[in-house]
Amino acid sequence: SRTSNRVTSSISGIFTKRKLDQELLDELEEALIAADLGPATAARLVKVLGKDRFDKEITEQEVREIFAAEIANILRPVAQPFALKSLKPQVVLVVGVNGSGKTTTIGKLAKQFQAQGKKVMLAAGDTFRAAAVEQLKIWGERSNVPVVARETGGDAAGLAYDALARAKAENIDILLIDTAGRLQNKAGLMEELAKIIRVIKKLDPDVPHDTLLVLDATTGQNAHSQVEIFKEMCQVTGLVVTKLDGSAKGGVLIALAEKFKLPVVAVGVGEGVDDLRPFEAEVFGRSLMGL
Amino acid sequence: MFDKLSERLSGVFDRLTKRGALSEADVDEALREVRIALLEADVALPVVKDFIAQVREGAVGEAVVKSITPGQMVIKLVHDALVKMLSAGEETATAISLNAPAPVPIMMVGLQGSGKTTSTAKIAKRLAERQGKKVLMASLDTRRPAAQQQLAILAEQIGGRSLPIVPGEPPVAIAKRALQAARLEGFDVVMLDTAGRLAIDEELMDEVAQVHAATNPHETLLVADAMTGQDAVTVAKAFKDRVSVTGIVLTRVDGDARGGAALSMRAVTGCPIKLLGVGEKIDALEDFHADRIAGRILGMGDIVSLVEKA
Ligand SMILES: Nc1nc2c(ncn2[C@@H]2O[C@H](COP(=O)(O)OP(=O)(O)OP(=O)(O)O)[C@@H](O)[C@H]2O)c(=O)[nH]1
Ligand SMILES: Nc1nc2c(ncn2[C@@H]2O[C@H](COP(=O)(O)OP(=O)(O)OP(=O)(O)O)[C@@H](O)[C@H]2O)c(=O)[nH]1
Ligand SMILES: [Mg+2]
Ligand SMILES: [Mg+2]
């Protein structure tokens with residue numbers, strides 16, 4: 001598959017059948033590092049392999065299978081599809097750094113929820129970026145779902161509040177709230193996000209029911225900082241990994257799964273409305289290892 | 001994360017401060033720590049390997065300066081090598097070149113969401129304000145919803161001009177129309193903002209190559225996110241191959257990413273990093289400084305000035 005080109009090519013050509021020695025372990029470790037697993041996670045995975053198999057004959061296929069299985073084991077607990085609840089409305093807040101794919105993911109989710117018979121509404125909470133509102137409106141039109149918006153420059157928390165009030169009045173099943181992209185190290189912008197949550201809680205203390213952090217698969221080790229800070233600032237309940245149709249593998253997810261244990265509710269595999277898939281641990285592990 | 005490298009290195013060197021020169025074994029042990037630090041900073045593995053080999057050569061046998069610890073000395077060696085690699089020995093940042101007959105075409109390329117459209121407006125504003133240039137901006141992004149509108153709004157915000165939008169017009173035609181309009185209306189520069197695309201998307205890479213062939217840009221800037229991981233080499237190579245990139249714009253340098261992708265892309269393309277995006281606002285654009293990025297990749301800045309004073 002496309003997400004695994006580099007690992008595949010670095011592992012193939014290493015050997016057909018040969019003794020598992022230190023040199024081979026080092027090469028394997030490098031292949032994992034090149035897939036964004038990070039030096040620590042790569043070292044640990046390789047150590048597990050070395051412990052069981054050192055000095056024994058092993059084939060390329062076996063190595064891939066072992067790693068894929070190990071990765072799937074780590075990821076299985078976090079592979080949890082997005083859960084629809086019978087709330088009216090279920091409120092989903094979508095957050096993340098700039099350009100990660102929040103608005104696009106909302107457009108895709110809207111279509112999926114609607115296909116499941118839900119009444120969906122979108123809130124254009126990115127009141128900062130040029131044409132962010134227009135972008136979400138076009139996504140709304142694609143699935144024919146209403147978009148609550150104000151003009152750019154307005155107050156995002158107020159907009160979210162209005163949207164929730166409207167969703168309640170109109171008997172909506174799911175309200176998806178878009179937010180402006182923000183870097184996690186910017187305290188002021190993170191505080192604005194906290195404010196959105198505080199303000200919508202005035203209407204209903206249980207909202208948002210879900211807070212999805214959208215991560216770009218091209219991102220390297222900075223994803224650790226993103227998850228850590230967004231989680232702390234706005235109680236993230238799940239992750240979406242986008243752009244997995246590219247050459248980047250999203251390997252950082254393995255360490256994230258171990259450290260934060262947040263469900264990965266979906267993955268983005270393209271720019272089209274149907275390019276959203278459930279996250280499957282086995283598929284991810286096997287495709288990362290080129291199986 | 002910050003200063004972890006210096007801690008690690010002082011650990012490695014604690015026991016050998018009294019010796020006169022760095023042995024191969026000392027250097028190897030220290031460079032193992034440097035290697036991990038670079039990988040944690042997202043420098044791509046092949047680039048890390050080349051880099052380490054280079055530093056190793058310079059470090060072995062280097063006399064230990066009395067007043068500082070060997071750990072700090074290795075850091076200085078590594079830092080200097082990083083600066084050299086990031087700047088290719090150039091003292092000052094390489095500016096965007098406008099040294100061509102007007103209207104000078106500048107094309108922006110990169111992955112989805114990397115910051116192309118925002119950077120287009122930032123650069124247009126800078127060229128207008130600092131060099132008094134008349135800049136026309138054109139969006140060739142016919143794919144992302146409201147992309148053309150985004151650039152039009154940004155152009156308005158900076159009091160600049162954007163090419164009127166003709167719905168349904170394909171990218172190559174838009175680019176040609178932009179050049180034509182610029183010629184007729186006496187613009188100095190035409191900024192061509194393209195749609196985001198994956199380096200492995202053959203169809204879209206073909207499309208951008210066609211735009212390039214049709215417009216022959218004087219500068220083709222690869223816009224890349226400072227948070228990019230190991231994939232930076234694949235991306236940079238692919239764009240360099242298809243549209244002969246002339247420079248890199250690194251965005252989101254206002255984040256807390258260590259920015260190793262800068263080194264990866266500099267190394268594999270040989271192209272200078274020309275500008276840094278440091279925020280969402282239209283004036284959040286800075287010149288590239290190799291020493292700052294080097295300090296950032298190493299997760300430290302002050303040690304180096306400390307060493308320099310010693
Ligand atoms: N190839 C690919 N592109 C994607 C995917 N998801 C989003 N994109 C693209 O990434 C770019 C950014 O997507 P947006 O949805 O605007 O991202 P955002 O997080 O809302 O951005 P800001 O609101 O500016 O922070 C667009 O060009 C999208 O088409 C994906 O899964 N695959
Ligand atoms: N913090 C920060 N945000 C930036 C910077 N440059 C761009 N952005 C933000 O990143 C997001 C994406 O920027 P765009 O300019 O739309 O990116 P693009 O490459 O044109 O995206 P596509 O056209 O969808 O491929 C927006 O939210 C911008 O405000 C930067 O240097 N720092
Ligand atoms: Mg958005
Ligand atoms: Mg754009």
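Computed from a predicted structure; not experimentally measured. Proteins come first, then strands; the chains are lettered A, B, ... in the order of their sequence lines, and each starts at number 1.
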Between A/Q135 and B/A146, which heavy-atom pair has the shortest distance, and what is it?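 Nearest heavy atoms, A/Q135 then B/A146: N-CB, 3.6 Å.
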
What are the two closest heavy atoms between A/P39 and B/E40, and how far apart are they?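 It is CG-CG, 3.6 Å.
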
Can you tell me if [X] has over 12 outside heavy atoms packed within less than 6.0 Å of its [atom1]?
| X | atom1 | answer |
| --- | --- | --- |
| A/E232 | CD | no |
| B/E203 | CD | no |
| A/E191 | CD | yes |

Mind ranking B/A257, B/S114, B/G196 by heavy-atom pairs under 4.5 Å with chain A and telling me who comes out on top?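 Among B/A257, B/S114, B/G196, the one with the most close pairs to chain A is B/A257.
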
Identify which of B/Q157, B/Q112, B/R143 forms the greatest number of heavy-atom pairs closer than 4.5 Å to chain A.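 The answer is B/Q112.
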
Let's test your reading of the structure: which of [options] forms the most heavy-atom pairs below 4.5 Å with chain B?
| options | result |
| --- | --- |
| A/A130, A/G99, A/A180 | A/A130 |
| A/G251, A/S225, A/A217, A/G38 | A/S225 |
| A/T104, A/T242, A/D36 | A/D36 |

Please assess B/D231 against A/S247 for the test side chain to side chain donor-acceptor pair (under 3.5 Å), listing each intermediate value before the final yes or no. CA-CA 7 Å; B/D231 198 45; A/S247 46; 3.0 Å; yes

Given a strict heavy-atom distance threshold of 4.5 Å, which part of B/L39 is in contact with chain A: side chain, backbone, both, or neither?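 For B/L39, backbone and side chain are both near chain A.
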
Using heavy-atom distances under 4.5 Å, tell me whether B/L111 contacts chain A through its side chain, its backbone, both, or neither.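 For B/L111, side-chain heavy atoms alone lie under 4.5 Å from chain A.
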
What is the distance from atom CG of A/D245 to atom CG of B/L198, rounded to the nearest 0.5 Å?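 Spacing of CG (A/D245) from CG (B/L198) equals 5.0 Å.
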
To the nearest 0.5 Å, what is the distance between CG (A/D216) and CG (B/D225)?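 Rounded to the nearest 0.5 Å, the CG-CG separation comes to 7.0 Å.
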
Proximal component of A/T218, with respect to chain B [non-hydrogen, under 4.5 Å]: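 For A/T218, the contact with chain B is made by backbone and side chain together.
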
Does any backbone or side-chain atom of A/K186 lie under 4.5 Å from a heavy atom of chain B? Answer side chain, backbone, both or neither.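 Just the side chain, heavy atoms under 4.5 Å.
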
A/L183 vs B/D256, side-chain contact (heavy atoms from CB on, under 4.5 Å): CA-CA, chis, key distance, verdict: CA-CA 8 Å; A/L183 296 175; B/D256 61 2; over 6 Å; no

B/D201 side chain to A/G246 backbone, donor-acceptor under 3.5 Å: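 No, the answer is negative, given that no donor and acceptor are paired below the 3.5 Å cut-off.
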
Residues B/R144, A/E271: salt bridge by 4.0 Å N-O rule: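 The answer is no: the pair does not qualify as a salt bridge.
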
Salt bridge check: are B/R35 and A/E30 linked by an N-O gap of less than 4.0 Å?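 A/E30 and B/R35: salt-bridged.
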
Going through the distances and angles, do A/V97 and B/R252 end up as a side-chain contact (heavy atoms from CB on, under 4.5 Å)? CA-CA 10 Å; A/V97 298; B/R252 309 207 179 100; 5.7 Å; no

Assess the residue pair B/E280 and A/L189 against the criterion (side-chain contact (heavy atoms from CB on, under 4.5 Å)); give the C-alpha distance rounded to whole Å, side-chain angles, the decisive distance to 0.1 Å, and a yes or no. CA-CA 11 Å; B/E280 290 102 331; A/L189 297 180; 3.9 Å; yes

side-chain contact (heavy atoms from CB on, under 4.5 Å) between B/M227 and A/Q221, intermediate numbers included: CA-CA 8 Å; B/M227 304 184 284; A/Q221 301 307 306; over 6 Å; no

Do A/K137 and B/P145 come close enough that some side-chain heavy atom pair is under 4.5 Å?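 No, every pair of side-chain atoms sits at 4.5 Å or beyond.
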
